[in-house]
Amino acid sequence: MTSISKGNLVMGVIGSDVHIIGLRLLEVAFREADFRVTSLGICVTQSEFVGAALETNADAILVSSVYGHAELDCRGLREACVEAGLEDIALFVGGNLIVGSAPWEQVAKLFEGMGFDRAFPPGIRPKEAVAGVEAELSRIRAHPAGVPPHAP
Ligand code: B12
């Protein structure tokens, strides 16, 4: 039986990061939840994310970063999307985003300040990731211009 897609997602592990296991679990979970998934694998550049999003008419880009260098790798991605005409694309990031420890609120704020619609904390399970992304996409679709901040 064919089911209607809940949205087109582009996902991958950004930068020089080779941690693939989380991404593979996410691919399966999102496909099982009826999303259309284009996975770019590991060591993905910002321009590869943007190119794939344009090609697939993506609703969202999911960036995974596990090795601790997400800030460096992700900075400028929102601007690159806007420059490519993807003003409305949703951007999500998750994994182990920093080296060491800092209060999660601080980390989330950092990435949301860089233009991500939501940052997901380390260690979340695939099902929680699906539920979180679904909730965010519904929120964004309900408020296309000027999205109010998500609930804490
Ligand atoms: C396996 C592993 C490796 C393997 C990776 C093999 C492979 N091809 O995947 C190898 C040996 C290659 C490796 C190398 C390195 N590793 Co390593 N590795 C791990 C380890 C043990 C497990 C990672 C894993 O697979 N977890 C299981 C998956 C399921 O979890 P996950 O990746 O977190 O993903 C889940 C969630 O986070 C979330 N998620 C992830 N991304 C996203 C994105 C979105 C949008 C959403 C919603 C959710 C989401 O959903 C996923 C599914 O539940 C961890 C320690 C640990 N116990 O976590 C260290 C760890 C990640 N590695 C670490 C480090 C430092 C390195 C190296 C830099 C070490 C070195 N000095 O060489 C290199 C980096 C190499 C590189 N260029 O990437 C650190 C990272 C530290 C940090 N971020 O602060 C960790 C945490 C170990 C540690 N405690 O220090 N590593």
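Whatever order the structure lists ligands and atoms in, that order sets their numbers, starting from 1. What's counted below: heavy atoms across the whole structure, side chains too, no hydrogens, waters or symmetry copies.
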Task: Six-ring centre of F120, R118 cation under 6.0 angstrom, axis tolerance 45° - done: yes
Open item on the list: Can you confirm whether some protein heavy atom lies under 4.0 Å from atom 7 (C) of ligand 1, or whether none does?
Closed with: yes
Open item on the list: Protein heavy atoms near atom 79 (C) of ligand 1, is at least one of them under 4.0 angstrom away?
Closed with: no
- [ ] Count, excluding waters, the protein N, O or S atoms that are closer to atom 17 (Co) of ligand 1 than 2.8 Å.
- [x] 1
Open item on the list: Return the closest protein heavy atom for atom 48 (C) of ligand 1 as residue, atom name and distance.
Closed with: L26 CD1, 3.9 Å
TODO: Name the closest protein heavy atom to atom 86 (C) of ligand 1, giving the residue it belongs to and the distance to 0.1 Å.
DONE: N96 ND2, 3.8 Å
TODO: Just need the protein heavy atom nearest to atom 36 (C) of ligand 1, so name the residue and atom and give the distance.
DONE: I124 O, 3.4 Å
- [ ] State whether any protein heavy atom lies less than 4.0 Å from atom 68 (C) of ligand 1.
- [x] no
TODO: Mark up the atoms of ligand 1 that fall under 4.0 Å of a heavy atom belonging to P126, in ascending order.
DONE: 52 (C), 53 (O)
Task: Proximity to ligand 1 by part of L97, non-hydrogen separation under 4.0 Å - done: neither
Task: Interatomic distance, E134 atom CD to D34 atom CG [nearest 0.5 angstrom] - done: 9.0 Å
Open item on the list: Test your reading of the model: is there a side-chain donor-acceptor pair from Q46 to the backbone of R75, 3.5 Å cut-off?
Closed with: yes
Open item on the list: Run the salt bridge (Lys or Arg N to Asp or Glu O under 4.0 Å) test against R36 and tell me which residues pass, sequence neighbours left out.
Closed with: none
- [ ] Inspect the surroundings of CD in E128 and state if more than 12 heavy atoms from other residues, nucleotides or ligands are less than 6.0 Å away.
- [x] yes
Task: Nitrogen or oxygen of G68 less than 3.5 angstrom from that of ligand 1 - done: yes
Task: Within reach of ligand 1, part of S16 (heavy-atom separation under 4.0 Å) - done: backbone
Task: The one among P121, S64, G22 that brings a heavy atom closest to atom 40 (C) of ligand 1 - done: S64
TODO: Tell me, with the steps shown, if K109 and E112 meet salt bridge (charged side-chain N to carboxylate O under 4.0 Å, His left out).
DONE: CA-CA 5 Å; K109 238 184 183 168; E112 287 162 13; over 6 Å; no
Task: Ligand-side contact atoms (ligand 1) for residue partner R125, heavy atom cut-off under 4.0 Å - done: 53 (O)
TODO: Please indicate, with yes or no, if any protein heavy atom is found under 4.0 Å from atom 21 (C) of ligand 1?
DONE: no
Task: Sub-4.0 Å atoms of ligand 1 with respect to non-hydrogen atoms of F120 - done: 47 (C)
Open item on the list: Using a 3.5 Å distance criterion without hydrogens, assess whether the side chain of D117 forms a donor-acceptor pair with backbone atoms of L91.
Closed with: yes
TODO: Check the pair F49, L54 against side-chain contact (heavy atoms from CB on, under 4.5 Å), reporting the backbone distance first and the verdict last.
DONE: CA-CA 9 Å; F49 276 111; L54 281 169; over 6 Å; no
- [ ] Using heavy-atom distances, let me know which of I21, L62, V18, I20 sits nearest atom 1 (C) of ligand 1.
- [x] I21
Task: Close-contact set for ligand 1 against A129 heavy atoms, below 4.0 Å - done: 47 (C)
Open item on the list: As a check for students: among A60, G94, S65, identify the option with a heavy atom nearest to atom 44 (C) of ligand 1.
Closed with: G94
TODO: Look at ligand 1 and say whether I98 reaches it with a heavy atom at a distance under 4.0 Å.
DONE: yes
TODO: May I ask you to decide if N8's main-chain N or O and D59's side chain share a donor-acceptor pair within less than 3.5 Å?
DONE: yes
Task: Verify atom 28 (C) of ligand 1: protein non-hydrogen atom under 4.0 angstrom away - done: yes
Task: Heteroatom distance test (F92, ligand 1): nitrogen or oxygen, under 3.5 angstrom - done: no
- [ ] Heavy-atom contacts with D17 under 4.0 Å: which atoms of ligand 1 show up? List them by number with element.
- [x] 78 (O)
Task: Sub-4.0 Å protein heavy atom next to atom 61 (C) of ligand 1 - done: yes
TODO: Please could you name the atoms of ligand 1 that L25 approaches to less than 4.0 Å, counting only its heavy atoms?
DONE: 29 (C)
Open item on the list: Under 4.0 Å from atom 38 (C) of ligand 1, is there at least one protein heavy atom?
Closed with: yes
Open item on the list: Using a 3.5 Å distance criterion without hydrogens, assess whether the side chain of Q106 forms a donor-acceptor pair with backbone atoms of P103.
Closed with: no
Open item on the list: Checking contacts now, so for atom 90 (O) of ligand 1, which I'm interested in, is there any protein heavy atom under 4.0 Å?
Closed with: no
